[in-house]
Amino acid sequence: MIASVIVDVPAKQIDRTFDYKVPEALTSVVQRGIRVIVPFGPRKIQGFILSLKEESSVKKLKSIEEVVDIEPVLNEELMSLSEWLTDQTLCYRISALQVMLPAAMKAKYNKFFHLIEEKQHLPSHIKELFEKESPLTWKTADAHHVLKDLQELIRHRKVEMKYVVKQSANVKKARFVELADEKLMNEIPGNAKKQQLVSDHLLKNARKMAVTDLKEATGATSAVIKTMIDKGYLIESFNELYRDPFQERTFEKTEHFKLTDDQKTAIAPILEKVNSYEQQTFLLHGVTGSGKTEIYLQTIDQVLKQKRQAIMLVPEISLTPQMVQRFKGRFGDQVAVMHSGLSVGEKYDEWRKIHRGEVNVVVGARSAIFAPFKKLGVIIIDEEHETSYKQEDSPRYHARDVAIERSNRHGCPVILGSATPSLESFARAKKGNYQLLELEYRMNQQDLPEVKIIDMREELREGNRSMFSRDLLEEIEKRIEKKEQIVLFLNRRGYSSFIMCRDCGTVMQCPHCEVSLTYHRSKESMKCHYCGHEEHVPEKCPECESEHIRYFGTGTQKVEEELFKLMPHVKTIRMDVDTTSKKGSHEKLLSAFDRGEADVLLGTQMIAKGLDFPNITLVGVLSADTMLHLPDFRASEKTFQLLTQVSGRAGRHDKPGEVIIQTYTPEHFSIELAKTQNYEWFYQKEMMMRKTAQYPPFYYISLITLSHENVNKAAGVCNEIADILKSRLSDQSIILGPVASPIARIQDKYRYQCIIKYKHEPELKTLLKKILDQYSDTGKDAVTIHIDVQPYIMM
DNA sequence: AGCACGCCGACT
DNA sequence: GTCGGCGTGCTC
């Protein structure tokens, strides 16, 4: 028997199957979708079996070393989905397979040095190392700078190097005890108080318990438990333990809400498709507070009744405890949660629950779209316009596309939900590709908050140079008096704090990238967000040696400071990357705010969604237009979405809410229309702009990026590619470039790009594949090429 | 991606 | 005459 294997090497020349003999002993275990360890050149690496056959055209075959799995980690559907993904995103097959598994399952490779003969003459320093550690790890050898010497010894056959594939995923095990027999309990001596206690506890609660929990509950020591095991009262066992990230919390069981007429009308066609096992993509358009979540929950409920499963995607940042609470509350332990806040091990555990069929619902961020369910009944993507659904590195997939592809395979509906749908989706819904479902009313009949737009230029003219308008300050003061709460939103992206010299105008730049360095208060350092370069804050301008250097930009820290200066009595909680990097701190800050420990919640993107506190009656957006000027054709769309989203935070309950938006361009339509939250108008207007500018949804876009240390080389190759494209594509397609990338240099590599805009180009994918093939050399002086079919970020 | 093989300049 | 630089090509 011969197995065709895709090995764990993401490189152009390796992106195909390699054949291996299957040893007799493994013939009954091997099958498509299991992972194996195979010899590859001088080393051993992991691979996926793609198919089995009897013959191979290759003469000298090596044998599979061992199997990693007993059962396929990827089922048939996911195996074939990986093929589709490879094809769609032009990635390596191994990357497509790998992305479907939790990070913990990715193989790690270790190198070890072994002594060939124990007693032999070795240089004394090497001998010492081997005496301490044998086999010697690569890491230790490297740390002691003896790799060179070892290389020499390998040549003389005194030492050999072995490769070991390490599976990082480890199952957490724990010691459990179980009551042997109830009758035996009477034999426990009357003076053995602790033993009595233990047996009582087990009888009353679960008969089987983890020893650690049991000890804590009863106060028994290990000695007590050991005696009981020895006497046969208890049976000891070692069981797998799931790391449950939510075990500390209890979830109150919640029931269905009664749907409003509006919701009933919307859910009916969805349930119809669920019941008939048919694919259909729905776009559920409803303003914040219109009750989309309840529709999701009731659809999932229906799916569960049919013994099928559901995937619910939410953007990373809105995967808040509140969100999880709603799902766990309704569906209890049938829910697995997958998001980046979990440790690698926790994610692995959640994945295994899905793989084993122990749960039927997964709530998670982008990658949860690959949850290994066997019978999907619905896929839901909440906040479908969110850009985080697009993965920015290979495989560059969009979760929405994967969702639709999977739903076709399973025969189930997809629900895309949003208050501000992406233009692409809304256009498709208008065309009838998706079915549009509208929720027009807020559930509690609450009016949308009143939105006031403040022209900051006017403030400046009136002599107010601070970042707070007089109106905003006044309103803040009012809320404080009424003991109500305030959210201040700062859009930091593209407007981060940088340092500029007031004398010569020099801005601190990253020495390796064409971006300015960001000032980090907490470490008093300057950091590059692209390559991680970090340096101390200079005391003098590096150019003119002037001491008049100044911090520019409006970081959250700076806002906090200024607010404190203006209103020292206001208590503020700041949420940004600095304050929420520790696990669980996000949650802590939010609950502190909920308890009323602060008046103002100040933050970036991450506070824009999902938080739902009854006492918030004022939302302030400090600078609405910071993202409007980014080199991105979606800038207006993103601004409108963000403002609408943020405004939705105010007055969700019985108290009326107010929103203040500060801007330097109040006349811009995406800011004007955010005032009335009129999506339809915004859509019309923006569609006109897109049509004139020839952007999606009127045109598709593909982006090719070339990078190289030498500017001319990068530009030259980009030019060559542009020429190929121009000669091979139809006249209706537009090729922009080559032009320098918006970020012209990253990690000392110059970047050039070429944008293809097209409406219908059936051969494009084949052509791009060819270009990728032709230009993805790995040689020393080779350019690096990236192709993103349907990019979200054009940089 | 690794890694071995293999062909030309500065050393014993 | 050898050691070692890193260009080239292979991995079932």
Side-chain angles (χ1 to χ4, degrees), chain A residues 1-24 26-27 30-68 86 90-99 103 106-114 123 137-139 141-142 145-166 168 393-395 707-710 713 747 749 772-786:
Chain A
M1 196 192 271
I2 286 152
S4 291
V5 175
I6 293 278
V7 295
D8 185 15
V9 179
K12 175 189 144 194
Q13 291 161 293
I14 314 301
D15 190 28
R16 60 188 172 91
T17 59
F18 287 83
D19 289 350
Y20 288 89
K21 281 190 276 193
V22 178
E24 201 56 44
L26 295 179
T27 48
V30 289
Q31 54 175 313
R32 177 167 154 92
I34 73 159
R35 292 171 301 160
V36 288
I37 310 287
V38 292
F40 194 68
R43 57 215 168 109
K44 290 191 180 63
I45 56 177
Q46 195 176 83
F48 289 81
I49 294 185
L50 222 58
S51 61
L52 294 165
K53 53 188 181 182
E54 291 305 322
E55 303 268 309
S56 172
S57 54
V58 184
K59 282 169 214 122
K60 278 190 185 166
L61 289 183
K62 289 186 184 175
S63 287
I64 290 175
E65 195 84 9
E66 57 179 293
V67 293
V68 180
T86 307
L90 307 176
C91 69
Y92 299 126
R93 188 67 191 275
I94 187 68
S95 317
L97 291 165
Q98 219 87 263
V99 79
K106 214 181 147 177
K108 294 205 173 74
Y109 300 95
N110 279 345
K111 295 184 217 173
F112 289 100
F113 297 101
H114 292 253
T137 60
W138 177 281
K139 217 178 136 193
D142 193 26
H145 308 287
V146 292
L147 289 178
K148 265 251 157 74
D149 304 336
L150 287 165
Q151 206 174 14
E152 176 77 19
L153 291 166
I154 288 168
R155 225 194 321 267
H156 292 98
R157 311 255 172 253
K158 291 194 170 173
V159 170
E160 66 179 333
M161 189 155 65
K162 282 187 184 166
Y163 300 86
V164 177
V165 182
K166 206 178 96 191
S168 56
D393 40 49
S394 179
S707 50
H708 196 266
E709 273 125 51
N710 182 334
K713 180 110 187 180
Q747 290 198 26
K749 285 188 169 167
L772 200 55
D773 230 47
Q774 192 179 334
Y775 287 96
S776 51
D777 290 325
T778 47
K780 198 170 176 287
D781 203 35
V783 287
T784 315
I785 181 167
H786 283 296

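First the proteins, then the strands, lettered A, B, ... as listed; each starts at 1.
- Between R35(A) and D8(A), none of the side-chain N atoms (NZ, or NE/NH1/NH2) sits under 4.0 Å from a carboxylate O, so this pair counts as no salt bridge.
- Within the nucleic acid shown, I2(A) has no heavy atom closer than 4.0 Å to any nucleic acid atom.
- Atom CD1 in I64(A) sits roughly 13 Å away from atom P in dC12(C) (whole-Å rounding).
- Phosphate contact (OP1/OP2 of dC12(C), side-chain N/O of K60(A), threshold under 4.0 Å): absent.
- For the pair F40(A) CZ and dG2(B) C1', the interatomic distance rounds to 10 Å; values are reported in whole Å.
- Nearest nucleotide to the side chain of R16(A), out of dC12(C), dC3(B), dA1(B): dC12(C).
- Taking atom NZ on K44(A) and atom P on dC12(C), their separation rounds to 11 Å, with Å as the unit.
- Rounded to whole Å, the distance from NZ on K106(A) to C1' on dA1(B) is 11 Å.
- What separates CG of L52(A) from P of dC12(C) is a distance of 18 Å, to the nearest Å.
- In this structure, K12(A) places its NZ atom 17 Å from C1' of dG2(B), rounding to the nearest Å.
- Remark: the backbone N or O of K44(A) is not paired with any side-chain donor or acceptor of Y109(A) at under 3.5 angstrom.
- K12(A) places no side-chain N or O within donor-acceptor distance of the main-chain N or O of Y775(A), the cut-off being under 3.5 Å.
- In this structure, the CG atom of D15(A) is 18 Å from the P atom of dC10(C), given to the nearest Å.
- Rounded to whole Å, atom C1' of dC12(C) lies 18 Å from atom CZ of F48(A).
- In this structure, I2(A) and V58(A) have side chains that are not in contact, with every pair of non-hydrogen atoms separated by 4.5 Å or more.
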